[in-house]
*Asks:* 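What follows is a single structure, and I will ask about it in a moment.
Proteins get letters first, then strands, A, B, ... in listed order; numbering begins at 1 in each.
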2 protein chains.
Amino acid sequence: MGFMNLRRLQYFLAVVDHGTVTGAADKLHMAQPALSRQIKTLERELKLELFEPQGSRLALTAAGRALVPAARRLVVEALDFESAATLLRTGKVERLTVAATSASLRTFLAPFIATMTPADPQLVARETSHFEMTESLRQGCDFAVSPQAPDGDLRHVPLGRMPVRAYVSKDHEWARDGVRQLPLSAFAGVPAILTSHHSVSRFLLDDALSRHDVTFSSVTECDDGQSIMALAVAGHGVGFSTERPLYGAHPILVLDDDDSGARPLGLALHVAWLPGHYAEAVIEELALRIRDFLQAEGIALGA
Amino acid sequence: MGFMNLRRLQYFLAVVDHGTVTGAADKLHMAQPALSRQIKTLERELKLELFEPQGSRLALTAAGRALVPAARRLVVEALDFESAATLLRTGKVERLTVAATSASLRTFLAPFIATMTPADPQLVARETSHFEMTESLRQGCDFAVSPQAPDGDLRHVPLGRMPVRAYVSKDHEWARDGVRQLPLSAFAGVPAILTSHHSVSRFLLDDALSRHDVTFSSVTECDDGQSIMALAVAGHGVGFSTERPLYGAHPILVLDDDDSGARPLGLALHVAWLPGHYAEAVIEELALRIRDFLQAEGIALGA
DNA sequence: TGTGGTTACGGGAATCGTAATAATG
DNA sequence: CATTATTACGATTCCCGTAACCACA
């Protein structure tokens, strides 16, 4: 059992990420021939060609490409092991990486991080699409803030519901009448400004619309929450967003009324992580603090 | 980044598993002082005491014990990486480890393995309780044969339903009358011989009994399928088991009749594995072969 | 001719085995 | 004194950096 050498695997990944041996060597603070030799050695060990010459540089072979995900998992697992050791030694977690959508980041995660102290672990945020949450967890993020109920066997803590609000300009009749909430049916026939399907909130809205047989007169797609707000304020239609009001936009809760009564349309936010994570206890405690923060700031409705 | 050394981690696990440095060194085919030194080096690297002297030998410290699972995961991941490389190189999987209950092993897995050829991967079976299936997958088993619908985000292939049969001796009136199947209600008041709650089939039976408000006159618990059969043949009651008839026991299908008609009470067998397994395709193909084997041999009912 | 990958050589660190030493029951 | 862990020393192997060399645009 000539055991796999993790350092070599990291070298491999560095070359993959950088595209050239020279660049990777530079980043790894080592001489380029040394790195070149290590790659060769790895190829000899695995008895596989990982790279092939392409012009004067190297390109991954099919086999090389196939091994990248497994190699990454392995390296992440190793880093986790070291972090677990540090946790045992110092009794505290130094650094946690959280995956979140840009909307979650801007809306509440960054403000929450601002409330943390040096005694807390350092929270590093990584922007991810909703649909890569589980993947990001397997690729090194310690936990994720997800706007969907987590699938799979993830451990999770519900944070509450983040309401989807409709925004109109303050000259709009709804604003003048001081309307605070409306059933979905009230929005039939209005021009809407929405996110694209890169956002979970769009799926949520589409689902509710089809259930109530409601259609907009027109749909403008825009993925930036601030721009949605700006367009609404400029009178181009009704903007739908989970973000907080800006530019004096007038917020209206969207009610999803079904048999069991009306309740605000909203995303079910969760903190999720892989079971068995070395800092499970710390993550769970942090999740509860985020939940309390969301309640206290009135950002999310109770769970 | 003084990167974790996998060899050292394996040494650590060997000492953990063996209890003594001497024994582990022996198994690792290396001199004992070398191993002792490696353990010390690991402790220095992690800045953690992993073992403490207990008499003349070593015992794990709390920190050491805490690191064992993470270390094991890491080593398993590394072995997987090597297997993935071998698969890419040779185009075939050399060895797969399957987790299964002893009942599954005896009833159909061992017979199935007997039908395989040297061209197939070598299938090594590991006996596991139903309730540790997911855990065993994370600890190195490549796939599991589970009598429950797999939870979590496991990939899976249904194998069919393994009927739970009632067995009576051939002198029993049901046997003399040639009864082949009976509704659950017919078993009210009979003395029953069942497995303990270590078996999923027991939960299944208990659930069906409570739904139909049926109770046995007495319950004898016995975890060995052959003994259940033997007791039934000896006239001690009605044995319930997923195993095939033995000792001339007379089998009767147990029907679970609900609104949608009667269907045989049975376990939903599945093959399950972790998504992203390096030999996913091979496992899936193997699962289909097991499914066909079960159908062809009449061991399971269609899915 | 510049950019990038490979081969050749010498020094230093890591790791092993043998042998000697210390501690426990 | 038998079992088990640790320390001491010499030999081997691994790995890095420098320097020279090769291949493609």
Side-chain angles (χ1 to χ4, degrees), chain A residues 1-61 63-65 67-68 71 75 78 81-82, chain B residues 1-61 63-65 68 71 75 78 82:
Chain A
M1 256 202 232
F3 231 97
M4 191 48 49
N5 184 325
L6 277 182
R7 188 163 17 110
R8 244 188 303 256
L9 227 48
Q10 235 208 350
Y11 291 165
F12 168 61
L13 289 178
V15 175
V16 169
D17 290 339
H18 233 272
T20 100
V21 176
T22 309
D26 199 35
K27 184 167 180 182
L28 291 169
H29 305 295
M30 68 190 290
Q32 177 266 357
L35 184 52
S36 184
R37 227 177 314 117
Q38 287 294 349
I39 298 294
K40 282 284 169 216
T41 308
L42 182 60
E43 289 184 330
R44 221 180 23 250
E45 258 179 18
L46 299 176
K47 289 178 231 153
L48 270 176
E49 309 258 305
L50 298 174
F51 296 96
E52 58 195 353
Q54 185 171 75
S56 76
R57 35 176 60 201
L58 295 182
L60 271 175
T61 61
R65 202 170 6 261
L67 283 178
V68 170
V75 169
F81 183 86
E82 290 180 356
Chain B
M1 262 227 209
F3 232 97
M4 192 47 47
N5 184 324
L6 277 182
R7 186 161 19 110
R8 237 182 315 252
L9 227 47
Q10 233 208 352
Y11 291 165
F12 168 61
L13 289 178
V15 174
V16 169
D17 290 339
H18 241 271
T20 102
V21 175
T22 309
D26 199 34
K27 184 167 183 182
L28 292 168
H29 305 295
M30 68 190 290
Q32 176 263 9
L35 184 54
S36 183
R37 227 177 314 117
Q38 288 294 351
I39 298 295
K40 281 284 169 217
T41 308
L42 181 61
E43 289 185 329
R44 222 181 19 251
E45 257 179 20
L46 298 175
K47 290 177 230 154
L48 272 177
E49 309 258 307
L50 299 173
F51 296 96
E52 58 195 352
Q54 185 170 71
S56 76
R57 33 176 62 203
L58 295 180
L60 272 174
T61 61
R65 201 170 7 261
V68 169
V75 169
E82 289 180 356

*Asks:* Can you tell me how far CG of A/Leu42 sits from CG of A/Leu9, rounded to the nearest 0.5 angstrom?
*Replies:* 6.5 Å
*Asks:* What is the distance, rounded to the nearest whole Å, between atom CD of B/Glu52 and atom C1' of D/dA5?
*Replies:* 15 Å
*Asks:* Rounded to whole Å, how long is the line connecting atom CG of A/Leu58 with atom P of D/dA23?
*Replies:* 15 Å
*Asks:* Looking at B/Glu49, I want to see if its CD is surrounded by more than 12 non-hydrogen atoms of other residues, nucleotides or ligands under 6.0 Å.
*Replies:* no
*Asks:* Rounded to whole Å, please give me the gap between CD in A/Gln38 and P in D/dC14.
*Replies:* 11 Å
*Asks:* Can you check the B/Met30 CE to C/dG17 C1' distance for me, whole Å?
*Replies:* 10 Å
*Asks:* DNA chain D: A/Gln54 or B/Thr20, which has the more 5' nearest nucleotide?
*Replies:* B/Thr20
*Asks:* Taking the side chain of A/Thr22 as heavy atoms from C-beta outward, which of C/dG4, D/dT4, C/dA19 is closest to it?
*Replies:* C/dG4
*Asks:* Touch check for B/Phe51, heavy atoms < 4.0 angstrom, all strands: base, sugar-phosphate only, or nothing?
*Replies:* nothing
*Asks:* Quick one: which of D/dT6, C/dC16, D/dG17 gets closest to the side chain of A/Ala31?
*Replies:* D/dG17
*Asks:* Could you check how far CD1 of A/Ile39 sits from P of C/dT6, rounded to whole Å?
*Replies:* 9 Å
*Asks:* Among the candidates D/dG17, D/dT18, D/dT6, find the nucleotide nearest to the side-chain atoms of A/Pro33.
*Replies:* D/dT18
*Asks:* Please indicate whether B/Arg8 has more than 12 foreign heavy atoms, meaning atoms of other residues, nucleotides or ligands, lying under 6.0 Å from its CZ.
*Replies:* yes
*Asks:* Whole angstroms only, please: what is the CG-P distance between A/Asp26 and C/dG5?
*Replies:* 12 Å
*Asks:* Under 3.5 Å, is there any donor-acceptor pair linking the side chain of A/Gln32 to the base of C/dG4?
*Replies:* no
*Asks:* What is the distance from CZ of B/Arg37 to C1' of C/dC16, rounded to the nearest Å?
*Replies:* 7 Å
*Asks:* Quick check on D/dA5: is either OP1 or OP2 less than 4.0 Å from any side-chain nitrogen or oxygen of B/Ser36?
*Replies:* no
*Asks:* Can you list everything that forms a ring pair (Phe, Tyr, Trp, His ring centres under 6.0 Å) with A/Tyr11? Sequence neighbours excluded, please.
*Replies:* none
*Asks:* Please tell me which of A/Gly19 and B/Asn5 maps to the more 5' nucleotide of DNA chain C, matching each residue to the nucleotide holding its nearest heavy atom.
*Replies:* A/Gly19
*Asks:* Does a side-chain heavy-atom distance below 4.5 Å link A/Leu60 with A/Val68?
*Replies:* yes
*Asks:* By nearest atom, which of the nucleotides C/dG5, C/dT15, D/dC16 is closest to the B/Arg7 side chain?
*Replies:* C/dT15
*Asks:* Tell me: CG of B/Leu35 to C1' of C/dT18, nearest whole Å?
*Replies:* 16 Å
